[in-house]
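Here is the structure we will look at.
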Amino acid sequence: MKYELGIIGSGPAGYSAGIYAVRAGIKTVLFDKGNGGGLAAVAPDIENYPGFPSISGSELMEKMKEHAKKYADILEYEEIVNIEKQDKKFILTNSENKTYQVGAVLIATGTEHRKLDASSIKEFEGRGISYCATCDGFFFKDKTVCVVGGGNSALIEAIYLKQIGCKNVYLIHRRDKLRAEDAYAKDAKDAGVQFILNNVVEGVKGDQILKSVTLKNVETGEIQSMDTDGIFISIGVIPQNELAKKLDIKLDKQGYIKVDDQMRTSMDGVYAAGDITGGLRQVITSASEGAIAALSSTEALGKQYPY
Ligand code: NAP
C-alpha cells in the first residue's frame, strides 16, 4: 500500500488524525512504538472528556483505537527512528531499517514521564518505585505509599491509590501550593490522602525492595525518614521530540514543537498535534489538534481542503 500521510504516535491526536485524514480521502498509516494510547492510556480516570463522565484512560483509548482502525492502517510496535526529507517526500525508517515513503508527516509522539533525580531512585524502579499507579497500584493494596508531585496527575494517582485500598497515601510536594486544580485537591482530601508540603525527596532506601524515603523540608532544612512500601513519581512530562530534532524543526524553550493555528510546523509538509505541541495537553485538545493537522495535510498532498 502506498501511503500519503504518515502519522507517528497513536495517542488521542494520532487516532483522531487517522479518522479525519482517511475520511478526507488521504491514504494514511499510523505508527506506534507500543500498542497505542500514549500516556492517556495509563490515566486511572478521565472525568473531563465530554460524553464520558468517568472512564479509565485505557478504556477511552481502546475505544479511540477501534474507531481509528475502521479508517487508517495502524502499525503497532513499529518504531520510527528516523525521518529524512527528499525533495517533496519524506522517508520514514523503522527500527529494523524498513522504510516508508510519504508525502506528509504528522508528529504526534506525545510526552514521557519526567524521572526524579534523587539518590537510589533508579535502583528501586520496579522494586517499589513506579511511574504509573494504574499499572502497579494493585501490588500496594493495604500498604503505605507516597506520590511525589503536585499536578493534576499526581492528585489523580493519589486518589486512585486510596480508592484501590492502599492503607496510607501521602502526597509529597515541593511547594506549599499545589499546581493541580482545586477539584482534585478536594477529592484527594475527601479520599483521605495526607499532604506533605514543602518537602523534596532526598533519596530512598531498602534491601531487595523499597523500605523508606528520606525527605527534606525546603523551608526548615529538616531531614526526616519515612517508612513506605511504594513511591509513585508523578512530576510531569517531557516532550518526545527526537524525530522533530532530526528534521531540525523549530522547538520552543521547553522542547515542544512550535506550530501555527493549522498545526503546521516550521517545515513544509510536517505537522504536529497533541501533547508534543505543549499547551493545555488534554485528551480533548489533542484529539482536536489531530483533526486540524490531518485536514491541513491536504495542502502538502495537493488535495482539496474539505471545508
Ligand atoms: P504538571 O502539571 O507539569 O505538574 C508536575 C508537578 O511535579 C508540579 O507540581 C511540579 O512542581 C512537580 N515537579 C516537577 N519537577 C519536580 C521535581 N524535580 N521534584 C519534585 N517535584 C517536581 O504535570 P502533570 O500533573 O503530569 O500534568 C501534565 C499535563 O497534563 C498538565 O498540563 C495537566 O494539566 C494535564 N493533565 C490534566 C488532567 C485533567 O485535566 N484531567 C489530568 C492529568 C494531567 P511545581 O508545581 O512546584 O512546579
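Order of appearance sets the numbers: ligands from 1, and atoms from 1 within every ligand. When a residue number appears, it is its place in the shown sequence, counting from 1. Since the structure is predicted, the reported quantities are computational estimates derived from the model, not experimental observations.
For Leu280, the closest heavy-atom approach to ligand 1 falls below 4.0 Å. Between Lys177 and ligand 1 there is no heavy-atom distance shorter than 4.0 Å. Ligand 1 lies less than 4.0 angstrom from a heavy atom belonging to His173.
Residue Gly279 has no N or O atom closer than 3.5 Å to an N or O atom of ligand 1.
At a heavy-atom cutoff of 4.0 Å, ligand 1 is contacted by the side chain of Tyr184 but not by its backbone.
Relative to the six-membered ring of Phe195, Lys189 meets both conditions, a distance below 6.0 Å and an angle of at most 45° to the axis. Figure legend: Arg127 and Phe124 shown as a cation-pi pair, the cationic atom lying under 6.0 angstrom from the six-membered ring centre and within 45 degrees of its axis.
Under the 3.5 Å distance criterion, the side-chain polar atoms of Asp87 are left unmatched by any main-chain donor or acceptor of Lys89.
Interatomic distance, CD of Glu47 versus CD1 of Ile156, reported as 7.5 Å (0.5 Å rounding).
Relative orientation of the Tyr131 and His113 rings is tilted, given thresholds of 30° and 60° on the angle between their planes.
Taking each heavy atom of Val270 and Ile107 in turn, the nearest pair found is CG1-CD1, 3.9 Å. The heavy-atom pair separating Ser234 from Glu157 by the smallest distance is OG-CG, 4.3 Å.
In terms of protein heavy atoms, atom 3 (O) of ligand 1 is closest to Gly236 CA, 4.1 Å. Atom 19 (N) of ligand 1 has Leu116 CD1, 3.8 Å as its closest protein atom, hydrogens excluded (heavy atom only). For atom 9 (O) of ligand 1, the nearest non-hydrogen atom of the protein is Gly150 N, 3.1 Å. For atom 42 (C) of ligand 1, the closest heavy atom belonging to the protein is Ile156 CD1, 3.5 Å. Of the protein's non-hydrogen atoms, the one nearest atom 14 (C) of ligand 1 is Ile235 O, 3.3 Å. Scanning all protein heavy atoms for the shortest distance to atom 44 (C) of ligand 1 gives Ser153 OG, 3.3 Å. When only non-hydrogen protein atoms are considered, atom 34 (O) of ligand 1 lies nearest to Asn152 ND2, 3.3 Å.
With distances taken over non-hydrogen atoms, the option nearest atom 45 (P) of ligand 1 out of Arg281, Gln282, Arg175, Glu47 is Arg175. For the residues Arg179, Arg114, Arg174, the heavy atom positioned nearest atom 11 (O) of ligand 1 is part of Arg174.
Ion pairing between a basic and an acidic side chain is recognised when a charged N comes within 4.0 Å of a carboxylate O; Lys303 and Glu4 show such pairing. Ion pairing of Lys65 with Glu76 is present here, as a side-chain N (NZ or NE/NH1/NH2) and a carboxylate O approach within less than 4.0 Å. Using a 4.0 Å cut-off between a side-chain N of Lys or Arg and a carboxylate O of Asp or Glu, Arg264 and Glu299 qualify as a salt bridge.
Numbered from 1 in the order shown, with element, the atoms of ligand 1 that lie under 4.0 Å from a heavy atom of Asn48 read 39 (C), 40 (O), 41 (N). If you number the atoms of ligand 1 from 1 as listed, the ones under 4.0 Å from a heavy atom of Glu181 come out as 40 (O).
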